[in-house]
Amino acid sequence: MKRTHYCGALRASDAGRDATVMGWVHRRRDLGNLLFLDVRDRSGIVQVVFNKETQPEAHAKAEQARSEFVVAVEGRITKRERANAEIATGEVELVAMKLHILNNAKTPPFPIEQEISASEETRLRYRYLDLRRPKPHRNLALRHKILLEMRKTMDEMGFIEVETPMLTRSTPEGARDYLVPSRVHHGKFYALPQSPQIFKQILMIGGLDRYFQIVKCFRDEDLRADRQPEFTQLDVEMSFPRQEDIFSVIENVMVRACAVANEFRDIREGDAPIVVGAPFQKMTYEEAMCRYGSDKPDLRYKASIIPLDEMVSAGLIATLGISCPLVGFHFSQQNLRIPNSLSKTAIKNIVQTVVEQADKNIPEVSARSRSLGKPALFVDWCLVGDQQQILRSPALAEAMANKTGATKGDILFLGALRGENDPKHKYLVHRCFDLLRNRLKDYTNEYDPKRWEFLWLTNFPLFEWSETDKTWVSAQHPFTGIVDEDLEKLESAPWEVRSKGYDLVLNGVELGSGSIRIHRQDVQERLFKALGLTEEQLRRRFGFFLDALTYGTPPHGGIALGLDRVTMLLAGEKSIREVIAFAKTTAAVDLMAESPSAVDQIQLEELNIAIPWERVVTCGTCGARWKLAGYKFSEVGGASQRFRCGSCQTDTQVLVEPGVNIAVEKLDS
RNA sequence: GGGGACGUAGUUCAGUUGGUUAGAACGCUGCCCUGUCACGGCAGAGGUCGCGAGUUCGAGUCUCGUCGUCCCCGCCA
């Protein structure tokens, strides 16, 4: 028996031909002597009809069929009298001659339908059922096509895909590593790569000139909707590049990826095609922070933050106990999406929410609020022409209106922080107004969610202040290049030094980041000194790489794009879990595979690994409390053991892990 | 590590100031039905109210703890 057609492929033009389809029973409609089965495969659904009079055997078998049974149907493609416009194969049906039930199935925990109602937890646990739905198919196919197009594009531009090790060494920089114990070298560990950073730079030293790789990376950090512990990057590095060269490589890749995505979007209703043009917009980090309060601004909303320092008198600032910088924001009522949706009460609520949100989500703000005993974020606002006052000053409101072109009815916001200005938190109030801007965007036509706004962010600061270490630390990895004219400030004013690092942002989502690297040894040494790294620390952290750098390193630079995020956005999804076949939960658990899991004792023994174990036991007879401590090999197979109380010599049953060297200690009661 | 939301039938949910036998829809099982297409009709099964303590005459409901899922901060390119 051979499959001749995919279910979704049958058309009126095939009428009269015989066909054999194979797939899952999507739905059964039993009318007694007439029975319909909708049969589904990857391509779609076709209706199969069973008639008791003409094909009693097939009909009898169809009566046994249930949801998700796997079947093969031999029959004749027949034009229907009344077509079903809802499905692609609706003009025809398969008149069954034979039905083969290839496998039966338990009733699925949720129906296999386009629009899923089951919780994400259930979907992840039964991922193989969730994957039978058309949308996961589409997302995975889109992902495949994007990655394929990227490989083709990179190849055409002369890049060579080189694989780098998955079992490599831990570097204490950056994220926490996933460690892999070595059986051969007791007590030593490989690390899974956080990224192939060092290797790709070494490939440049190796003269590869243009490298790329679509590669899994691993970071043992907490998860988010756009973050999984393992994720896929398009990793790129090239020799002798100008920043523009790297930008145009990625622009080329992304424009073609968007074109691929458009082929998928056309089949969905209400999806506007993605329109993008290269080159993408560019903005420095400083400009982004000043105008949007974010290093990944969503440019689908045009309105930006207005600097107000020079418009406000020092006296007024002193009176209110606020500090520079002061920022403003202009909301134009002319572009209000729903008329009258922004009442004074609504604005008040927005302002209050923003103040609360800043307090909650920006640690520097909440710390300041705590020490002040009141919200650190100060926000004032007015309606232009309505007893217009900002900071109790009609003149200031008018000046603001003049500067922003605000007209009657428009809303002006002013924000500042209470307390002293702190140069370490230069953009703190801007970041608060990023929250305001995000809250207002849903009210205005100036925000167009259908647009696709790519943005390059450049000149990131080289250092950032670490509150935990109370010092300036490298904002990216310590091989990030330094803007030439800022080199002299490396020792005197490190916070002003700009790097040759850049990010690619799409619609407020960071897609990737990279940099032109340092290739000169003298600059590298100065940077290490500025970071306060000793020779010994450097050796320990970067040993072999420092050696490599001394053998004629060419100028080089690169970037890495997060492909899960790229696919997520192009698929129109809100979580990368929707574009990953087997995703993990926010606790980094695979609910289907049930990983991570305990392992056999023998495996741990081979690796010389023991896991500390501890339990407090209270004696049932005399009430004495004992701490049992030891090492277990795994969480499986706990067993009841007899424990003799040292005080009253009574035996009690205690659940003890299979372990060694159990130590007993009496606790004070 | 911190904050928030949620957890009741296979699934999605409702469940009043704490009060008799915990409900609905879909799904499932059986019977009837020859043109359905989310088929329809009749009948039926299905519950450790996540788990554990506590308050109470009485807890799905209140309190504490714990586990799980999701979102956010920290963390993370």
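Just so we're on the same page: letters track the sequence lines, and every chain starts at 1.
Looking at residues 499-514 of chain A, you'll see Glu510(A), Ser513(A) sit with a heavy atom under 4.0 Å from some atom of RNA chain B. Scanning residues 48-71 of chain A for heavy-atom distances under 4.0 Å to RNA chain B yields Asn51(A), Glu53(A), Arg66(A), Ser67(A).
Spacing of C1' atoms, U36(B) relative to A24(B), comes out at 27 Å, to the nearest Å. Between U12(B) and U20(B), the distance separating the two C1' atoms is 28 Å to the nearest Å. Taking the P atom of each, C49(B) and G60(B) are spaced 7 Å apart, rounded to whole Å.
The side chain of Arg27(A) has C39(B) as its nearest neighbour among C73(B), G35(B), C39(B). Among the nucleotides U11(B), C37(B), C28(B), the one closest to the side chain of Thr107(A) is C28(B). Of all nucleotides listed (A77(B), U36(B), C75(B)), U36(B) comes nearest to the side chain of Arg82(A).
Residue Gln233(A) is in sugar-phosphate contact alone, with no base atom involved, counting any heavy-atom pair closer than 4.0 Å across all strands shown. Residue Phe110(A) is out of contact with every strand shown, counting any heavy-atom pair closer than 4.0 Å. When heavy atoms are screened at a 4.0 angstrom cut-off, Arg219(A) is found touching the sugar-phosphate backbone but no base atom. Note on Pro111(A): nothing from the nucleic acid sits closer than 4.0 angstrom, heavy atoms only.
Residues passing the side chain to side chain contact (heavy atoms under 4.5 Å, CB included) test with Asp442(A), sequence neighbours excluded: Tyr447(A). Residues meeting the side chain to side chain contact (heavy atoms under 4.5 Å, CB included) test with Asp130(A), sequence neighbours left out: Phe110(A), Ile116(A), Arg123(A), Arg127(A), Arg133(A). Applying the side chain to side chain contact (heavy atoms under 4.5 Å, CB included) test to Asp226(A) and every residue at least two apart in sequence or in another chain returns Arg224(A), Arg565(A). Listed by chain and number, the residues in a side chain to side chain contact (heavy atoms under 4.5 Å, CB included) with Pro478(A) are Glu173(A), Ser474(A), Phe528(A), Leu531(A), Phe542(A) (sequence neighbours excluded).
The nearest whole Å value for the distance from the CG atom in Asp177(A) to the P atom in C75(B) is 18 Å. Leu129(A) places its CG atom 13 Å from the P atom of U11(B), with the value rounded to the nearest Å. The CD1 atom of Ile362(A) sits 15 Å away from the C1' atom of G3(B) (whole-angstrom rounding). Following rounding to the nearest Å, Leu37(A) (CG) and G35(B) (P) show an atom-to-atom distance of 17 Å.
For Arg29(A) and C39(B), the shortest distance from a side-chain N or O to OP1 or OP2 is below 4.0 Å. For the OP1/OP2 pair of C37(B) and a distance below 4.0 Å, the side-chain nitrogens and oxygens of Asn84(A) include no atom meeting the criterion. OP1 and OP2 of U36(B) both lie 4.0 Å or more from every side-chain N or O belonging to Gln47(A).
Comparing Ala83(A) and Asn33(A) by the nucleotide of RNA chain B whose heavy atom lies nearest to each, the residue mapping closer to the 5' end is Asn33(A). Between Thr122(A) and Arg80(A), the residue anchored closer to the 5' end of RNA chain B is Thr122(A), taking for each the nucleotide with the nearest heavy atom.
Among pairs with a residue in residues 425-437 of chain A, those fulfilling salt bridge (charged side-chain N to carboxylate O under 4.0 Å, His left out) read Glu286(A)-Lys426(A), Glu364(A)-Arg431(A), at least two apart in sequence or across chains. Legend: side chain to side chain donor-acceptor pair (under 3.5 Å) pairs involving residues 31-40 of chain A, not counting sequence neighbours, sorted by first then second residue: His26(A)-Arg40(A), Arg29(A)-Asp38(A), Arg40(A)-Glu68(A). For residues 583-598 of chain A, the pairs satisfying salt bridge (charged side-chain N to carboxylate O under 4.0 Å, His left out) are Glu230(A)-Lys584(A), with sequence neighbours left out. Pairs engaging residues 76-88 of chain A under the side chain to side chain donor-acceptor pair (under 3.5 Å) rule: Asp18(A)-Arg76(A) [sequence neighbours left out].
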Can you name the atoms? Protein N/O to nucleotides 40-45 of chain B N/O, anything below 3.5 Å, with the distance.
none

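Taking a pair to require two hydrogen-bonding distances under 3.5 Å in either a Watson-Crick or a G-U wobble arrangement, A14(B) remains unpaired.
Using modelled atom types and a 3.5 Å distance limit, the side chains of Asn438(A) and Tyr301(A) yield no donor-acceptor pair. Defined by atom type and a distance below 3.5 Å, a donor-acceptor pair is missing between the side-chain atoms of Thr458(A) and Gln243(A).
Counting heavy-atom neighbours within 6.0 Å of Glu356(A) CD, excluding the residue itself, gives a total above 12.
Just one residue in the list Tyr502(A), Phe280(A), Phe454(A) forms a ring pair (Phe, Tyr, Trp, His ring centres under 6.0 Å) with Phe247(A), and that residue is Tyr502(A).
Between Ala118(A) and Thr122(A), the shortest heavy-atom contact is CB-CB, 4.3 Å.
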Exercise. Which letter, B, S or -, goes with each nucleotide of nucleotides 67-72 of chain B from 5' to 3', with contact meaning a protein heavy atom under 4.0 Å?
Worked result: -SSBSS
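With hydrogens and angles ignored, the 3.5 Å screen pairs a side-chain donor or acceptor of Asp14(A) with a backbone N or O of Arg11(A).
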